Structures are given as C-alpha cells and as structure tokens.
Amino acid sequence: MKLKRLPSSKLTSPRGLLRRNRFNIRSTILICTFVIACSFAARAQMPAPGAPGKDAQWATAGKQGVGTANNSTSKVWFTLAEGVMTEVYYPDVTTANVHLLQFVVVDPTTHKVETERDDAIHQIKVPRPDSLTFQQINTSKTGSWKITKTYLTDPRRASVLIDVTFEPRSKDLALYAYYDPSLGNSGMGDSAFSNSALHTVDGSTQVSMVSEDVKSKVGSALMFSSPVAETVSGYFGVSDGLEQLRRFGRVTSAYTEAREGNVAQLVRITRPSHFTTILSFGVSRTMAAREAKASANIGFEKIRSEYERGWSDYVKMLPKVDPKALAQFNMAAMVLKAHEDKMHPGANVASLTVPWGGGPDANGNNNGGYRFVWSRDLYEVVTAYMALGDRAAANRALDFLFNVQQRRDGSFPQNSWLDGKPGWDSLQMDEVSYPLILAWQLGRTDRETYRDHVKGAADFIVKNGPATAQERWEEMPGYSPSTIAAEIAGLVCAADIAKKNGDERSAVAYLAKADDWARNVEQWTATTNGKYGDGHYYVRITQHGKPDAGESVELKNGAGVFDERDIVDAGFLELVRLGVKPPDDPLIAKSVNVIDQLIKVDTPNGPGYFRYNHDGYGEWYDGRRWNYDGKYTGNGHLWALLSGERGEYEIARCAGEVGPQEQSASLTNARARCLATAGTRLYTMMGFANDGMMIPEQVWDRREVPSNVDHEFIPELKFGEGTGSATPLAWSMAQFIRLAMSLKAGHNLETPQIVSDRYRNGVPSH
C-alpha cells in the first residue's frame, strides 16, 4: 500500500413515530438496476440530452463512518463523509456501486437550492459504542432546515437502511433525493430510465427508475416509505435533476432515460417529515427489488435491533483496555472486521476508499484505490487480531496470503485483488517476509505449510535480498533498514520451521543469511558523515548500500532530488520492533534524535511524524488534492500510525529488568512511569481520529489551512486532524489495537520472541 469521538450521549430517537408509521410494501420504490429492462406504465419517452455527461468522480476518502453487518450473509458495505452516503460496496469490498446519495432542499418561492454536502453544517455521532451504527446530522447554514439520518444494514440481506427525519423551518420547503450511481466500480457506461410519478395500486408497488450497465451483473433498488414524484434520469452535470434544480429552481424536464454515460437520478419525497430509505442490491433488478421489499416488510427498528445485537455480541468478546481508550479500541476492532471480504475469507483490504477521490479514473473500472490486499497491511491487521485473541481471523488471513496471493516462486505481489490477481506490479521484500513471521507466531509449522509456502518464500528472500525493488513506502529501490529488519526476522522464523520439519540444511542457510544481514545492516543503511546530529544515523534508504557516498536520490511525487544522507524516516525502528536490535542500541538512540529534529511535529493532539522529510504524497498546502494534475505530485503530511509505532519503541525501552512474561503488577515504579509515557502515544492516535472514531492515514501538519479547498474531495482541514487521505486506514486502526494491548501486557506483542532471543546480545558468532 502506498503509505502510499467519541460516541454521543444517548440520542433521542424517533422510534415511537416510526412504530406509528410502519414501513410496508405500499411504499414507493425507486430502482436502479443493470442487465434486465423494466416495463413502465404508459408514458412518452423523453431521452435526456448531453451524453455522456461530465467525468465521473469518487468522493473524498476522508470517511467518518463505515458499516456492514457482522456476518457473511449481508454482502453490502456503506461509507459516510461530509454529511452524505458515499461509496456503497456490493457484492465484495472491492466493488463500489455508488458515488453519492444525498438529499436536496428547494424553496419553491425563492428557488433557492441547498444540498446536504455543500450547504450544511455536518455532525456525525455514534449512537452506541458497540455497533457500526452512525448518525449524520446536517443543519442548513442558513438555519432553514435540519436532516437527521441513521445508517445500518440488514443482516439478512444486501440492504442499506437510512432512517430520515426532515425538520424544515417552513412547510413549503421541498425535499428531493439525489442518487449518483457508479455501477460496477465505474461511473461511465450506465443507462438510466424513469417512469412517471409513482402510485400505489391495490397494495402493489411500481418501479420508477432503472439504470443498467451491460458489463455488470448487479442490480440496485432504492426504496422510500414516503410517496415520491418528479422522477428524472439524466446525465451528470448536464441534464440530471439536480442540475435542473440549480438552474431553474425546479424540475423543468422529467427525462425518462439516459443511456451509456455518467447518469444521475432525482426524485421528490412528497411526505418528507419522517421516512425510511432502503438501498438494496442483487444479481439483477428483480433480486434487488425483492431484497428491498423484504427489508421493508421487516421494518427499520427490527432490523436495527438485529444489526446492533450482532456487533454488540462481538464487542462483548473483546478484551478490555484503558477505559479512556475503550470506545476507540472497540471501534477499531469492529472496523478491522468490517474490512474483511465476506466471499474471500481473510482478505482484508487496506481501506474502503480511493485516497483524495476525484479524478477521471472513476470513468472506468481501472482504479482500485486502496481497495486491494497488501501483504504488509494484512500483517499489521493479523498482529492486531492476535493481540485481540482472534486467532481464527488471523489464520484466515494467513491462509489467504499463502493460498491465494503467493506466487509459484514463493514471492508475493505488491498487492492483489481478491482472487490473487496483482493490482500494482512491483516487488517489496518485506511483504515476502511478513508471512513467514506470521506462520511462526501462529504455530503454522506443519509439513505442508513449510513445503508449499514457507520454504519457497524463504528461498526467494535468500536469493533476492537484502535489497528491494520498493521499501515500505512503495517508492524507492535499494537497501532499507525496515525491509532488512523484516527479511532477517522472516528468515529466523523460517529457520525454526525448517528445523521442526527436519530440514537442517535450509535452517542453517536461513540463519547464516539472517546473521550476515544483521551484521551488515548498519554498513548498508547508516551514514557516518551525515549533516545531522553527530553525523552517524540511519537514513531512509540507500540505492547501492553505500550510505557515506552522498549519492543523489530522486524522491517520488515531485518532491525533488536530494543527497541520500539528507533523507531520514523512522523505518529503522522496525529493527527494534522485530527483535533484531535492542532498544538501547546507541545508533538507534542517535537516529531517534535525528527524526525528532527533522520529521516530528507537535500538534494540538500530540506529536506526529512524517514518513520522511520532503515527502510529496498528500494534499498540496494550498488545498489542491494530491495528483490533481495527473502528475502524482503534492505535499506529504503526518502519518497517524507512526505515532503508534513510536509508542511501541518506547514500550521496548521500558523493558528494563522485568522480563516480558511477567505481569504488570510486578512492574517497578520507574517502568510504570515509562509505560505511562508510551501510553500518551495512544491518546495522540485517539486525537487524530475524527468524530466517527475513524483513524486516518494522514494528519494535517500545520496551523495554516488553505481557503480554496475543493470540499468535494478534501474535508475541512484542521491542525492535528485527518486529511482527505484514506480514512479509516486498516493499518492505523490495527496499530491502535496493538499499541493498546501491548501497553496492557507491558511488552510488545508483535515482537517474535525467537528473533529477539537470537539477537539480544548481538549477532551470534559462528
């Protein structure tokens, strides 16, 4: 992966009103579907002009909520940002079918048009801390209306349910629903059709709108418990219903079809005070409609009860941590679980987002964003699962790595789709190494695992390491301390598994190579004539293993050309975390002082860290989104997970005289104070989270914020808070969990004991 608040108090719920206004099959249905055409009531067809419409876009990646049912039955996921529903995934975590679903308010007297996303003050709340239930509260900036929406999914079906309350200052205000589909992971190539205003006849429901994409086999149905009118199917930004409202203050042309383009649909809610919206999916329009009707027959409150019980039962099984961090801890665990695909067990994607959104890539199904599986990110997630005690989830993930991702030569792709097909095409040696560490930690030492998976990966590392085509930041080739740390740890773990399977020859070879690299990692990656500190410190990466040579390196994302000795990151801390170097190693300590000088920023929420100095991966400081010009340029920002990694280093330093197996009750006062200092990193990560408790990839690093931010793609920027980067990032959520559990244990749970034992007193002599 390209490394590229808390719950509200008990909320007033309109349950009583909902019981009096039960959702039933006499509700209005609005359906968007592919593949199968729909029979309409008699009406003259009026094709929309302006094909194919403006470019499709993805919404901001700064999500404030994600949700799905805690089971494998309901294969639908929702995401929330900027007061609206953004991508909705079905039937897996890589396939988005929605760009945007929001409500629009129109004053028929003044013709003023206001949308939830652009014209409201947004709040998000978590109604209860043990469920992925989210509530958006949008209040018009003019004070003329308020919309409250509560989101969840049907545990038995592929349906997203939204309970909506509309509170207008004037009864004359009209409410419209605006739906912008991006069917089959693509905004272009869809066709939309609509009928006249809906009517309920003899208890039956009629279809108002249909959309289709002949390349897809997914149908969606959008259903309301209130009657609707003024249906429009048009081309996005040209002839769609919202465009008409903005131009004329009303719907002037009720277009009935828009073929082969970027389509969008609009409908007016005729009884908008309180209603339920259901967006359902299926393999066809017919199946999606059945899903919607079935969810409607059950009703929002019953579905809510089952949905929340599913998550509550899961949270009850989680370990307890510091009460101040418990709500964030539980949310992180639920979000990790929600990122695992339901048809491909163990496949956790990095994030249900396309960082910074936008871009013409949304026109076709050729941009996976972070909706891939990275071996590195999955390692972080698995170690969090292990810290939680969820070994079943951890083993599912390792099975995915070995049985789906691993190549015949033993290596692993940079990332992959759910079927193992590579997404991006580079090779990162740490990603080949992490599965070996996981196999050892999980006790997967059986003969079949060794023969078919472990040996191949270990042999590949021996043959191709220690240099890598890309390091952990996925940008540069060469000798990286973080990559070499993973390779050494992987080989030590593989050697132990080889011994257990009687392969002494391979075990000796793996250990010899690991020891050689452990002995030389400083020579390859630490300069002795740099310009920081006393000149002796680890650098980010060297292209040829010559850190004193002063070779020039061109950084990615348009950052510029620099002397290798001038670019540092905190990747060397992997040497401590994976047990290759002791935490009190003098060179480690000096390098920590250097990164504190160069890449640390004290924010209102605590210290944060850049990936490396002069990073260019992130929004521009003037507000333009990264890669706005298609040239992959920008300005880098702080990474939330790096504060957690720093906390783990500090835990390692706290070990002192007390062994890692001893209980916290036996800790000395000095060590307890040390751990308390490490614990502040946990609270810093909590501060980086948004009001939906989503921990971001990146955090804004300066007090100054741009005034020309395009809010469609970048949320409001605040010092020490998330940007438009991937939010939530599974790695960030996993890092929070692991740090919390390591603080509780008093030692780092991630560190493989066999590695730290081998190098506790330096590299063994032969």
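Any value given below was found using the heavy atoms of this structure, including those in side chains, with hydrogens, waters and symmetry copies removed. Since this is a predicted model, take the numbers as computed values, not measurements.
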### Query
Can you list the steps and then say if H339 with M733 is a side chain to side chain contact (heavy atoms under 4.5 Å, CB included)?
CA-CA 11 Å; H339 276 67; M733 302 300 255; over 6 Å; no
### Query
Do E645 and R472 pass the salt bridge (Lys or Arg N to Asp or Glu O under 4.0 Å) test, and can you show the C-alpha distance, the side-chain angles, and the key distance before you say yes or no?
CA-CA 14 Å; E645 289 188 351; R472 76 188 315 217; 2.8 Å; yes
### Query
Can a salt bridge be assigned to the pair D419 and K421 using a cut-off of 4.0 Å between side-chain N and carboxylate O?
no
### Query
Between the main-chain N or O of T60 and the side-chain N or O of K63, is there a donor-acceptor pair closer than 3.5 Å?
yes
#### Entry: Trace of the side chain to side chain contact (heavy atoms under 4.5 Å, CB included) decision for N627 with W356
CA-CA 9 Å; N627 192 33; W356 295 283; over 6 Å; no
### Task
State yes or no: are the ring centers of Y621 and W700 separated by less than 6.0 Å?
yes
### Query
So, the side chain of N613 versus the backbone of V568: is there a donor-acceptor pair under 3.5 Å, distance only?
yes
#### Entry: Any P607 side-chain heavy atom under 4.5 Å of R681 side chain
yes
### Query
Hey, is the main chain of V521 close enough, under 3.5 Å, to the side chain of T525 for a donor-acceptor pair?
yes
### Query
Can you list the steps and then say if E697 with Y370 is a side-chain hydrogen bond (donor to acceptor under 3.5 Å, both in side chains)?
CA-CA 11 Å; E697 176 186 58; Y370 279 10; 2.6 Å; yes
### Message
Keeping Q441 on the side-chain end and E750 on the backbone end, is there a donor-acceptor pair under 3.5 Å?
### Response
yes
### Query
Under 3.5 Å, side chain of S732 to main-chain N/O of P728, donor-acceptor pair present?
no
#### Entry: Those residues that, when tested against K513, pass side chain to side chain donor-acceptor pair (under 3.5 Å) (two or more places apart)
none
### Straight-line distance of T727 OG1 to I695 CD1, nearest 0.5 Å
10.0 Å
#### Entry: Pairs satisfying ring-ring contact (aromatic ring centres under 6.0 Å, His included), at least one member in residues 548-573, at least two apart
Y538-F572, F562-H614
### Task
Please examine the side chains of F372 and W417, heavy atoms only from C-beta on, and report whether any two atoms are closer than 4.5 Å.
yes
### Task
Evaluate the criterion side-chain hydrogen bond (donor to acceptor under 3.5 Å, both in side chains) for residue pair D569 and W473; output intermediate values, then yes/no.
CA-CA 10 Å; D569 74 349; W473 302 132; 3.1 Å; yes
### Message
For G579 versus Y759, what's the shortest heavy-atom pair and its separation?
### Response
O-CB, 3.7 Å
### Task
Could you tell me whether the side chain of P583 reaches within less than 4.5 Å of the side chain of I588, counting heavy atoms only?
no
### Query
Can Y612 and E475 be said to form a side chain to side chain contact (heavy atoms under 4.5 Å, CB included), step by step?
CA-CA 12 Å; Y612 52 86; E475 295 173 349; 2.5 Å; yes
#### Entry: Distance under 6.0 Å and angle within 45° of ring axis: R371 vs W58
yes
### Message
Using 0.5 Å steps for rounding, measure from the OG1 atom of T723 to the CD atom of E619.
### Response
4.0 Å
### Any side-chain heavy-atom pair of Q328 and M685 under 4.5 Å
no
### Query
Got a second to check how far E471's CD is from S480's OG, nearest 0.5 Å?
5.5 Å
## Note on the structure
Note: V321 and A740 closest approach over all heavy atoms is CG1-CB, 4.2 Å
#### Entry: Approximate separation, where rounding is to 0.5 Å, of L436 CG and I461 CD1
5.0 Å
### Task
Would you indicate whether the side-chain heavy atoms of S725 and H637 approach each other to under 4.5 Å?
no
### Verdict with reasoning, R758 to D515, per salt bridge (Lys or Arg N to Asp or Glu O under 4.0 Å)
CA-CA 9 Å; R758 184 169 187 82; D515 290 348; 2.7 Å; yes
### Criterion salt bridge (Lys or Arg N to Asp or Glu O under 4.0 Å) on K546 and E564, from CA distance to verdict
CA-CA 9 Å; K546 299 177 180 180; E564 285 180 342; over 6 Å; no
### Query
Any donor-acceptor pair under 3.5 Å linking the side chain of E554 with the backbone of V561?
no
### Query
Under the side-chain contact (heavy atoms from CB on, under 4.5 Å) test, which residues partner T680, sequence neighbours left out?
none
### Message
Quick check against the 3.5 Å criterion: does Y532 have a side-chain atom that pairs as donor or acceptor with the backbone of D566?
### Response
yes
### Query
So how far is it from L641 CG to R646 CZ, rounded to the nearest 0.5 Å?
14.0 Å
#### Entry: Minimum side-chain heavy-atom gap R407-P413 below 4.5 Å
yes
### Query
If we only count heavy atoms from C-beta on, is the I497 to T449 side-chain gap below 4.5 Å?
no
### Message
Does the Lys NZ or Arg CZ of R611 fall within the cation-pi geometry relative to Y617 - under 6.0 Å from the ring centre and within 45° of the axis?
### Response
no
### Task
Give a yes or no answer on whether the side chain of T79 reaches the backbone of E87 with a donor-acceptor pair at less than 3.5 Å.
yes
### Query
Do the side chains of I754 and C493 get nearer than 4.5 Å, heavy atoms only?
yes
#### Entry: Chi angles and distances behind the side chain to side chain contact (heavy atoms under 4.5 Å, CB included) call for D341, V349
CA-CA 8 Å; D341 190 65; V349 293; over 6 Å; no
#### Entry: No-hydrogen, no-angle side-chain donor-acceptor test under 3.5 Å, T603 and N605
no
### Query
What's the shortest heavy-atom distance between A678 and I651, and which atoms?
CB-CG1, 3.9 Å
### Task
Identify whether the distance between the nearest side-chain nitrogen and carboxylate oxygen of D459 and K463 falls below 4.0 Å.
no
What donor-acceptor contacts under 3.5 angstrom involve side-chain atoms of residues 382-390, with partners at least two apart or in another chain?
unit_1	atom_1	unit_2	atom_2	d
T383	OG1	Y379	O	3.1
T383	OG1	E380	O	2.9
T383	OG1	R738	NH1	2.9
Y385	OH	L336	O	3.3
Y385	OH	N348	ND2	3.3
D390	OD1	A393	N	3.1

### Message
Holding to salt bridge (charged side-chain N to carboxylate O under 4.0 Å, His left out), I want the full list of residues that pass it with D399, two or more places apart in sequence or in another chain.
### Response
R444
## Note on the structure
Hits for ring pair (Phe, Tyr, Trp, His ring centres under 6.0 Å) against H453, two or more places apart or cross-chain, chain-then-number order -> F402
### Task
For side-chain hydrogen bond (donor to acceptor under 3.5 Å, both in side chains), just list the numbers for N557 and T633, CA-CA rounded to whole Å, side-chain angles, deciding distance to a tenth of an Å, and then say yes or no.
CA-CA 4 Å; N557 303 298; T633 58; over 6 Å; no
#### Entry: Closest approach of D496 to W440 (non-hydrogen atoms, all atoms of both residues)
OD2-NE1, 2.9 Å
### Message
Let me confirm one number: the OG1-CD1 distance from T542 to I567, rounded to the nearest 0.5 Å.
### Response
13.5 Å
### Message
Can a donor-acceptor pair be found, under 3.5 Å and without considering hydrogens, that links the side chain of Y609 to the backbone of A570?
### Response
no
#### Entry: Ion pair D430/R376, N-O distance below 4.0 Å
yes
